[in-house]
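The figures that follow rest on heavy atoms only: side chains count, while hydrogens, waters and symmetry mates do not. Counting from 1, the numbers follow the sequence of the chain as shown. Keep in mind that what you see is a predicted model, and the values were worked out from it rather than measured. Atoms within each ligand, like the ligands themselves, are counted from 1 in listed order.
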Amino acid sequence: MVKYEKGSPDWKALEEEAISLLSRYLQIDTTNPPGNEILAAQFFKSIFDREGIESQIFESAPGRGNIYVRLKGDGSKKPIILLNHMDVVLADRRFWSMEPFSGVIHDGYIWGRGAIDMKGMGILELMTVLILKRQEIPLKGDVIFLGTADEEAGGRYGVGYMIDQHFDLIRDAGVVLNEFGWIYVRDGKVEHYGIAISEKTPFWLRLTATGTPGHGSMPRADSSVNKLIEVLHRIIEYQTPIKVVPDVQNFYADLADFAPGPFREKLKDLKSALQDPAFVAQFTRNLRSNAEIRNTISVTMLEGSNKVNVIPPEASAQIDVRLLPGEDPVAFLEEIRKVIKDDSINIEPILAFTPTSASPADSELIQVIREIAKQYHPGAVVTRPLLVGFTDSHYFRKKGIPSYGFVPFKLADQDLALFHGNDERISVENVRFGIRILYEIVKKLVVD
Ligand SMILES: [Zn+2]
């Protein structure tokens, strides 16, 4: 028997519900480490239970929880996974003007660590599932809600675990909707819809120098610490070559018309424009732009002696390397060896994903987002930025399941600074808008 949609949803009531749920969700401290995402999974489970929606929690390690829900469709379309990570990064309350886990609603914003990354999206995804269930909407494809642990530390206990241990639950998915990518606002006006189809790959390295230990009162030129400092100096002096991958070339061309006068023509063909050193200097002043056109290296962790008067036998540094799509980690390691010019240094990868290819640049999901953009913001450009960070999308892309980053929040530069920043918050208006847009996207994909 065919079921028809029972009237249209009461959006006003749903908006208030979403705002209050997000406020409660932000009060759950899922700082990773240690994560404690099980508390967030139980929060979601209690809501699904109340709604009569079956959900399963998977505990990947003590305190590390993942939650899985599947609304069944008739199978005429492939399932969509609504993915959200439930962990957040550390919030140092000394630098916040509100308690980071208060979920307080103030000045038109819902405040709390995770509001923007990505508990806000988690609530939009929850609301979509609740609306589909309450309206008894017949689905063509299944809708899977997947709340996961550990994204902020690499995803081993979250998506990594679900793919390793429970892939049977998700292998039939046709597409994943994940974080990053948003509706970008410039000078109060929506400029573009960004859908992330590719990201850089982390290739984190530990460099270890060894040397004869001794007493700090008798310096040795060849100590482990001195050797390490020398090679690190070469690394920070080194400029990785500029490489404009097609996604980046297209992204800047798509948005060229919004750029200030002298930039406009150049951005239409970034690759050629970057032949000019003066333009390179200008362009790379923006740290994100710089990271979009080269492999990057940040020296972040240092370890030497733990006593000031002891020359240690070993000193090490960890460096955060991010590779552009299509790069070969082995070749990059060779590049680093050439730069440091010291064979006695041990270099060991500590986090290295196999670089994955981008999700298809044209797909039904992108088409649907284009339609939504046209409907709500007719002048906005729909484009595909390269993500310079990384998300859990690579796990799915590696399995051949296309994964896209798109969060239907309208964000300006000052909002983007809140990712992992102080005073993280999302506007109430964005939550009101976001639940409608996400619901419409999912409906167009699995209902219409
Ligand atoms: Zn995130």
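Checking Glu152 against the Zn ion (ligand 1), every N/O/S atom stays at or beyond the 2.8 Å cut-off. The Zn ion (ligand 1) has no N, O or S atom of Glu151 closer than 2.8 Å.
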Show your reasoning for whether side-chain contact (heavy atoms from CB on, under 4.5 Å) applies to Trp111 and Leu26. CA-CA 8 Å; Trp111 295 61; Leu26 291 174; over 6 Å; no

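Between the Zn ion (ligand 1) and the N, O or S atoms of Glu179, the shortest distance is to OE1. Nearest N/O/S atom of Asp117 relative to the Zn ion (ligand 1): this is OD1.
The aromatic rings of Phe353 and Tyr395 sit tilted relative to each other, their planes meeting at an angle between 30° and 60°.
Taking the six-membered ring where the residue is Trp, the centroids of Phe279 and Phe263 are separated by under 6.0 Å.
Pairing each heavy atom of Ala115 with each of Glu424, the nearest pair is N-OE2, 3.1 Å.
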